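Predicted model only: the values in this text are computed from it and were never measured.
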Amino acid sequence: MQKILGISCFYHDSAAALLVDGKLVAAAQEERFSRLKHDPAFPAQAIQSCLDQAGLVLADIDAVVFYDKPLLKFERLLETFLAHAPFGLPAFCRAMPVWLKEKLLLKTVLRQELMALSGLAKTALPKLLFSQHHQAHAASAFYPSPFARAAVLCLDGVGEWVSASIWLGENEQLTPLTEQHFPHSPGLLYSAFTSYCGFKVNSGEYKLMGLAPYGEPVYVDLIHQHLLTLHEDGSFVLNPDYFDFAVGKRMTSSKFHRLFGGPPRRADEPISQKQMDLARSIQQVIEDIVLRMAHHAKQLTGCQAVCLAGGVALNCVANGRLMREGPFKHVWIQPAAGDAGGAVGAAYLAWHQYAGQPRQLAAGAPDQMQGSYLGPEYSDAAIEQQLQATHLSYQHVADAELYPQVADLLANGKVVGWFQGRMEFGPRALGNRSILGDPRSPQMQSVLNLKIKNRESFRPFAPAVLQEMASRYFQLIGTSPYMLLCCQLRPELLLPATGKTAQADNDEYQLSAEPAIANKQTAASPTSQTSNVFARLAEQRSTLPAITHVDLSARVQTVDANTNPRFHALLRAFYQQAGVAVLINTSFNVRGEPPVCSPKDAIEGFLATDMDVLVLGNYLLLKRNQPQAAIDRAREREFADD
């Protein structure tokens, strides 16, 4: 067995990952091709992309491994419905048609999808294998890591039964040590507060984390008194009276609403101090759970290193606290820690445990994730063909001129779409499908949020920094190549607290108008609380105001010359031009879409927003030089899709 394809699908964020001779050679999420955010469908396009990158067809694959065991999940659903009878009947009736038609017969469905994709007969298909959900998470965390021996923490919503687990990884062996079971779930607990605060479950958790620094942890005691019993080992028991996710349509119950003084916030309502305090409180509770689990894992294993996966592992604030206060010397987090990463773990499980292949650490490499640059790449010829088809104005610029020219544009306040090399795997833009800006600009955070990303202005932007210069700007322990750690800025970069706010160049950037997209507010009708919050956001706290969050923290990406030489070269050119080795780096996407995949996606995003510059490989486009008709058409499409 030499070629293994891992897949995750039908629940959230479908993906495919390809292992060849034990090396991860490609991985991609279906959403990038379908343009449907968190697309749960069978990942046909992601599979085809992985095969194309490796020069293979499905007939070359030895095994396809699914990241879940559907019969175990079905058992959990049935037991949950029965435990809540007769109140579980409506949920049972909603779930059963899908299960009886598709998920209970998942092996048949997967074979049909693979046959449709490949044209192969059933008898010619690769061997079909299944892993358990948390087993796939643990494998995705440990096997690509740089450690021969490590504790493994997995925390998410729920797989089949397990919602949190601790493992011991030793070479090719993964041994489960402890498990926590549904409905007592750290991920679902955090998602319940996400929903109650008016954000969408499975995508709004980032917003809740970004909102938390504006609040105070005033509800922590209430959460502990009523919602959960937390033990020293990090395990906990939820009080089911306050939650409705087991069999209901909502995450929280009427008793939860009474406890916190009212119904959930509607998405079109202003954000108040209550939501900020709730966000801060549940963030602190989750961090405490992670730290207690980490200490227990240390006691169980005695390891110096820990690996993390599961959706909760994307909480970079909790990760930063684990790095600073936790018991482990080394921390490694799977960059695609959510369900998409389960495809990677499933493939590694088949290689090491089913095929019995030994584990070999990559010599001289920080890990085996290839920097998470595992998606498709587009040649200059493919890029130019797309540019010619759109009749846009562009120029081809050699590397020697490209980096200083783009650095100069950035230093003069331009917003740059940066499209290079292989697409990132996972939720973070890491310099190949990125929107870049000058972190020194007091207005840049509002410009990007309002004019480009169309999102709430309280959400911070992440800095990318030259790895060799990171310690000049951030109090970072080690490196952070996957933008999964929060840390504080260096004290010498901070400004005295004067209460002075930045003056935007345009009234549309005034923060009292926020959150313009999520809350549909106008500048004429903010609440006083919301207005005060965004006044706090506008305060200049450091010499890098656009990447400094309200609590003086930043979610850092360190950029290594070997892993991403082009992005490193641009950062170096910006340092030479502006004297700062930091750029804003946010994902290249707009209006709730997934990050761009192809040159066509990037061009459409560039034209539909107020982005100033687009760089596709070595092709440079300036917005001011583009035909107005092309811009108008792109914006009409964007408006029609909204």
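- With contacts defined as side-chain heavy-atom distances shorter than 4.5 Å, the pair Leu208/Gln283 does not qualify.
- The six-membered or imidazole ring of His549 lies near that of Tyr214, with a centre-to-centre distance under 6.0 Å.
- The heavy-atom pair separating Pro404 from Asp399 by the smallest distance is CD-O, 4.3 Å.
- Closest non-hydrogen pair, Ser8 versus Asp13, comes out as OG-O, 3.8 Å.
- Although no hydrogens or angles enter the test, the distance criterion places no donor-acceptor pair under 3.5 Å between the side chain of Thr586 and the main chain of Phe461.
- Remark: the backbone N or O of Gln626 is not paired with any side-chain donor or acceptor of Ser393 at under 3.5 angstrom.
- The two residues Asp612 and Val415 have their closest heavy-atom pair at OD2-N, 2.8 Å.
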- request: Any chance you could lay out the side-chain hydrogen bond (donor to acceptor under 3.5 Å, both in side chains) test for Ser49 and Gln45, step after step, and finish with the verdict?
  value: CA-CA 6 Å; Ser49 173; Gln45 296 177 87; over 6 Å; no

task: Could you walk me through whether Glu205 and Ser191 pass side chain to side chain contact (heavy atoms under 4.5 Å, CB included), step by step?
output: CA-CA 7 Å; Glu205 286 79 5; Ser191 291; 2.7 Å; yes

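- Side-chain N or O atoms of Ser34 include one that pairs as donor or acceptor with a backbone N or O of Leu36 at under 3.5 Å.
- The side-chain tip of Arg490 does not point at the ring of Phe474 from less than 6.0 angstrom away and within 45° of straight on.
- Dense packing is recorded around CD of Glu468, with more than 12 heavy atoms of other residues, nucleotides or ligands lying under 6.0 Å away.
- Figure legend: Arg433 and Tyr373 shown without cation-pi pairing, the cationic atom not lying both under 6.0 angstrom from the six-membered ring centre and within 45 degrees of its axis.
- For Lys600, the NZ atom counts as loosely surrounded, since its 6.0 Å shell holds 12 or fewer non-hydrogen atoms of other residues, nucleotides or ligands.
- You'll find the side chain of Leu24 stays beyond 4.5 Å of the side chain of Tyr143, heavy atoms only.
- Side-chain contact of Thr390 with Gln386: a donor-acceptor pair under 3.5 Å is absent, judged by distance alone.
- Between the side chain of Thr558 and the backbone N or O of Ser480, at least one donor-acceptor pair lies under 3.5 Å.
- Between the side chain of Ser542 and the main chain of Leu544, a donor-acceptor pair closer than 3.5 Å is present.
- The shortest side-chain heavy-atom distance between Glu424 and Pro595 does not fall under the 4.5 Å cut-off.
- Using a 4.5 Å cut-off on side-chain heavy atoms (C-beta onward), Glu593 and Val590 make contact.
- Between His396 and Tyr619, the ring planes are perpendicular. Angles over 60° get that label, and only those under 30° would be called parallel.
- Of the N and O atoms on the side chains of Asp601 and Ser598, at least one donor lies less than 3.5 Å from an acceptor on the other residue.
- When each of Leu436, Val416, Val397 is paired with Val406, the side chain to side chain contact (heavy atoms under 4.5 Å, CB included) condition holds for Val416 and for no other.
- For Glu30 (side chain) and Ala15 (main-chain N/O), no donor-acceptor pair under 3.5 Å exists by modelled atom type.
- Side-chain contact check for Leu392 versus Pro627: some heavy-atom pair is nearer than 4.5 Å.
- A distance of 11.5 Å separates CD in Gln443 from CG in Leu448, rounded to the nearest 0.5 Å.
- Atom OH of Tyr403 and atom CG of Asn618 lie 6.5 Å apart (nearest 0.5 Å).
- The shortest heavy-atom contact between Ala28 and Cys50 is N-SG, 4.1 Å.
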Evaluation steps, side-chain hydrogen bond (donor to acceptor under 3.5 Å, both in side chains), between Asn564 and Arg422: CA-CA 10 Å; Asn564 194 332; Arg422 297 186 69 178; over 6 Å; no

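- Ile584 and Ala546 get closest at one heavy-atom pair: CD1-CB, 3.4 Å.
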field: Lys23 vs Gln368, side chain to side chain contact (heavy atoms under 4.5 Å, CB included): CA-CA, chis, key distance, verdict
entry: CA-CA 8 Å; Lys23 180 181 179 181; Gln368 298 190 55; over 6 Å; no

message: Pair Leu402, Arg566 - check side chain to side chain contact (heavy atoms under 4.5 Å, CB included), show working.
response: CA-CA 10 Å; Leu402 180 69; Arg566 292 183 71 81; 3.7 Å; yes

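- Rounding to the nearest 0.5 Å places OG1 of Thr548 at 10.0 Å from CD of Gln540.
- Remark: Met483 CE to Ser587 OG distance equals 8.5 Å, nearest 0.5 Å.
- Atom NZ of Lys200 has 12 or fewer heavy atoms from other residues, nucleotides or ligands within 6.0 Å.
- Judged purely by atom type and a 3.5 angstrom limit, Arg555 has no side-chain atom pairing as donor or acceptor with the backbone of Leu484.
- Gln334 places no side-chain N or O within donor-acceptor distance of the main-chain N or O of His137, the cut-off being under 3.5 Å.
- Here Leu489 contributes atom CG and Ser553 contributes atom OG; the two are 8.0 Å apart, rounded to the nearest 0.5 Å.
- For the pair Asn319 (side chain) and Ala313 (backbone), a donor-acceptor distance under 3.5 Å is present.
- Aromatic ring pairs are classed by plane angle as parallel below 30°, tilted from 30° to 60° and perpendicular above 60°; the pair Trp332 and Tyr482 is perpendicular.
- Under the 4.0 Å criterion applied to side-chain N and carboxylate O atoms, Asp551 and Arg541 are not assigned as salt-bridge partners.
- No side-chain heavy atom of Gln29 sits less than 4.5 Å from a side-chain heavy atom of Lys37.
- In terms of heavy-atom proximity, Phe574 sits nearest to Val582 at CE2-O, 3.3 Å.
- With a 4.5 Å cut-off on side-chain heavy atoms, Leu450 and Asp610 do not count as touching.
- A heavy-atom distance below 4.5 Å is not found between the side chains of Leu616 and Tyr394.
- Looking only at atom types and distance, the side chain of Ser434 has a donor-acceptor partner in the side chain of Asn585 under 3.5 Å away.
- A donor-acceptor pair under 3.5 Å links the side-chain atoms of Glu31 to the main chain of His38, judged by distance alone.
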- request: For the pair Asn202 and Tyr11, evaluate side chain to side chain contact (heavy atoms under 4.5 Å, CB included) and give the outcome as yes or no after the intermediate values.
  value: CA-CA 11 Å; Asn202 288 330; Tyr11 301 110; over 6 Å; no

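- In this structure, CD on Gln475 lies 9.5 Å from CG on Leu493, to the nearest 0.5 angstrom.
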